[in-house]
Amino acid sequence: MTSTELTTGPPPGPTLPTEQQSELFQRDPFGYVRRMRAEYGTIFTLDLGALGNDDLTDVDNNGKWVFLSRPHQLRTMYGVDESVASGAAANQVFFGTDEASVGYIDGRPHRRRRGQIIPALTSRRDYVGLVAEVVDRCVAEWPRGEEIALFPRLQRITSEIIVEIVCGNFREDDRRELAALLPGTESAELGPEGAAAAERAIKTFVAERLDGHLAKSDRAGDDDMLATLLRHAADGDESLTDEVVRDEVFSLLYTGFATTANTLSWVFAEVLAHPAVHEQLVGELDDRFRERPLRRDDFAELKYTEATILETLRLHPVSALNGVRMVNAELEIDGHTIQPGTILVHCAYLLQRSDEVFDQPETFLPRRFLNTRIDPYELGSFGGGSRTCVGRNYAKEEMRVILALVLSSVRMTRSSGVPDAKQQGLFMAPADGARCVVTDS
Ligand code: HEM
């Protein structure tokens with residue numbers, strides 16, 4: 001018997017009309033996939049169409065999204081050649097865009113662009129000094145002794161930092177203005193039209209500042225991410241047109257601020273709801289981080305802090321769609337045949353809360369990640385294969401530094417347990433905005 005004869009057709013799933021499935025998914029992504037997992041098993045098909053993005057891209061897909069939630073299924077998804085399962089088209093459908101920035105290109109151009117971006121993300125001078133300056137200034141303004149939502153305050157911190165990394169050679173007032181525009185892209189109050197308007201405003205703002213940016217960076221003797229891209233363009237990379245550079249800058253600013261603010265909100269919500277974890281974290285930090293200046297090395301050995309961030313990423317991946325690939329040629333996964341035009345979904349949320357993969361999967365236990373080698377197919381909050389998140393090292397370091405500095409500078413308490421998740425823009429955030437009370441320590 002051949003392997004094809006062993007297959008059982010497409011993975012099972014509900015037969016509701018596309019609009020209804022899409023609406024149920026978008027209203028409560030995590031709740032819906034949990035129910036589908038309980039009903040149909042570890043690999044199932046949802047008919048989500050183009051997730052409402054039909055008019056925004058001309059990618060041909062059959063409307064089927066196959067959710068995978070076991071490591072061996074991901075090994076197939078991420079292991080096959082790009083010609084069989086590619087990221088660019090799937091990302092265009094997911095994000096509703098036809099841009100040519102790194103998330104939406106494949107093949108050699110994709111590899112080259114990643115090679116341009118990744119080194120530039122972490123190599124900026126005095127990175128820790130920069131984060132400390134932003135955290136100190138912002139935390140000093142947090143009201144004391146009353147309940148506040150951390151989420152928008154963390155968005156401000158991560159916005160200011162990513163603007164420094166990507167557009168650090170803009171004038172100071174321009175950097176502040178740009179950082180203030182970013183949260184508009186994720187604001188639940190503004191809705192999709194407001195978010196689209198914020199995106200347009202940011203792209204225009206950046207486009208108007210491309211001319212002369214390289215000369216300014218030469219004078220500063222330091223390239224920010226924008227200057228790095230412009231320099232590659234000047235050195236002959238014709239794919240980096242002004243429009244692509246502008247879109248690349250937008251994509252890095254957007255993913256750079258939103259994902260880390262969301263994850264940090266979950267970190268604080270979980271830590272403050274678990275006093276024993278809180279105490280152990282504060283114990284690890286000791287008094288070391290009250291001094292200034294600080295250096296990168298000072299943050300290198302924060303094992304429990306790092307484990308706390310990993311445990312938060314395990315329980316709270318930023319999306320129910322953690323890595324998506326468009327199937328271009330018939331493919332077999334876990335005994336099921338997947339047809340071309342289908343989108344494969346790495347559902348980290350289901351995988352990382354499975355008792356087949358983790359002990360006590362619903363319990364917040366940072367110590368599980370102490371002195372362990374991480375298997376990216378088990379803890380895959382940054383996606384996988386050749387498109388793993390370009391910002392993962394930057395994000396983990398930035399979050400570690402922010403967490404250490406905030407917990408070292410103020411006392412924080414939270415009166416309730418861990419909040420539910422709510423869709424906030426593209427990503428999932430704590431429904432109550434991670435409320436807590438801050439006092440001076
Ligand atoms: C908590 C923080 C973050 C999480 C959880 C996260 C998660 C992800 C995930 C799941 C993917 C999809 C990977 C795949 O398709 O296999 C991704 C891709 C990407 N991320 Fe992140 N991310 C984070 C932070 C960042 C930051 C800070 C940046 C930039 C400064 C960034 C930029 C990108 C880009 C450009 C891609 C597309 C990569 C490609 O297609 O080659 N991310 N991220």
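Both ligands and their constituent atoms are indexed starting at 1 by order of listing.
- Contact annotation for Val166 and ligand 1: no heavy atom of the residue comes within less than 4.0 Å of the ligand.
- The distance from the CG atom of Leu181 to the CZ atom of Arg200 is 13.0 Å, given to the nearest 0.5 Å.
- Comparing Leu321, Thr259, Val267 against atom 24 (C) of ligand 1, the shortest heavy-atom distance belongs to Thr259.
- Checked against the 6.0 Å centroid threshold, Phe67 and His346 do not count as a close aromatic pair.
- Arg288 and Ser408 share no donor-acceptor pair across their side chains, judged by distance under 3.5 Å alone.
- Contact analysis puts Arg325 in contact with ligand 1, with a non-hydrogen atom separation below 4.0 angstrom.
- Between the side chains of Gln26 and Tyr32, not a single donor N or O lies within less than 3.5 Å of an accepting N or O.
- Ring geometry for Phe170 against Phe205 counts as tilted: the plane angle lies between 30° and 60°, on a 0 to 90° scale.
- Neither the backbone nor the side chain of His346 comes within contact range of ligand 1; no heavy atom lies under 4.0 Å.
- Between Phe257 and Tyr254, the angle of the ring planes goes over 60°, which puts this pair in the perpendicular group of the 30/60° scheme.
- At under 3.5 Å, a nitrogen or oxygen of Arg114, whether backbone or side chain, sits near a nitrogen or oxygen of ligand 1.
- Residue pairs meeting the ring pair (Phe, Tyr, Trp, His ring centres under 6.0 Å) criterion with at least one partner in residues 361-407, sequence neighbours excluded, are Tyr127-Tyr394, His274-Phe364.
- Between Gly383 and ligand 1, not a single N/O pair is under 3.5 Å apart.
- Between Val390, Leu313, Ile309, Leu253, it is Val390 that holds the heavy atom closest to atom 35 (C) of ligand 1.
- Looking at heavy atoms from C-beta onward, Glu248 lies in side-chain contact with Ile117 at the 4.5 angstrom threshold.
- Under 4.0 angstrom from ligand 1, the non-hydrogen atoms of Thr263 all belong to its side chain.
- The shortest separation from a heavy atom of Gly87 to ligand 1 is not under 4.0 Å, leaving the residue out of contact.
- Looking at Thr263, its side chain never comes within 3.5 Å of a backbone N or O of Thr260 through a donor-acceptor pair.
- When only non-hydrogen protein atoms are considered, atom 13 (C) of ligand 1 lies nearest to Arg387 O, 3.4 Å.
- The protein heavy atom nearest to atom 42 (N) of ligand 1 is Cys389 SG, 3.0 Å.
- Residue His110 places at least one N or O, backbone or side chain, under 3.5 Å from an N or O of ligand 1.
- Of the heavy atoms in Asn262, none comes closer than 4.0 Å to ligand 1.
- Looking at atom 37 (C) of ligand 1, its nearest protein heavy atom turns out to be Gly103 CA, 4.1 Å.
- The protein heavy-atom contact nearest to atom 5 (C) of ligand 1 is Ser381 O, 3.5 Å.
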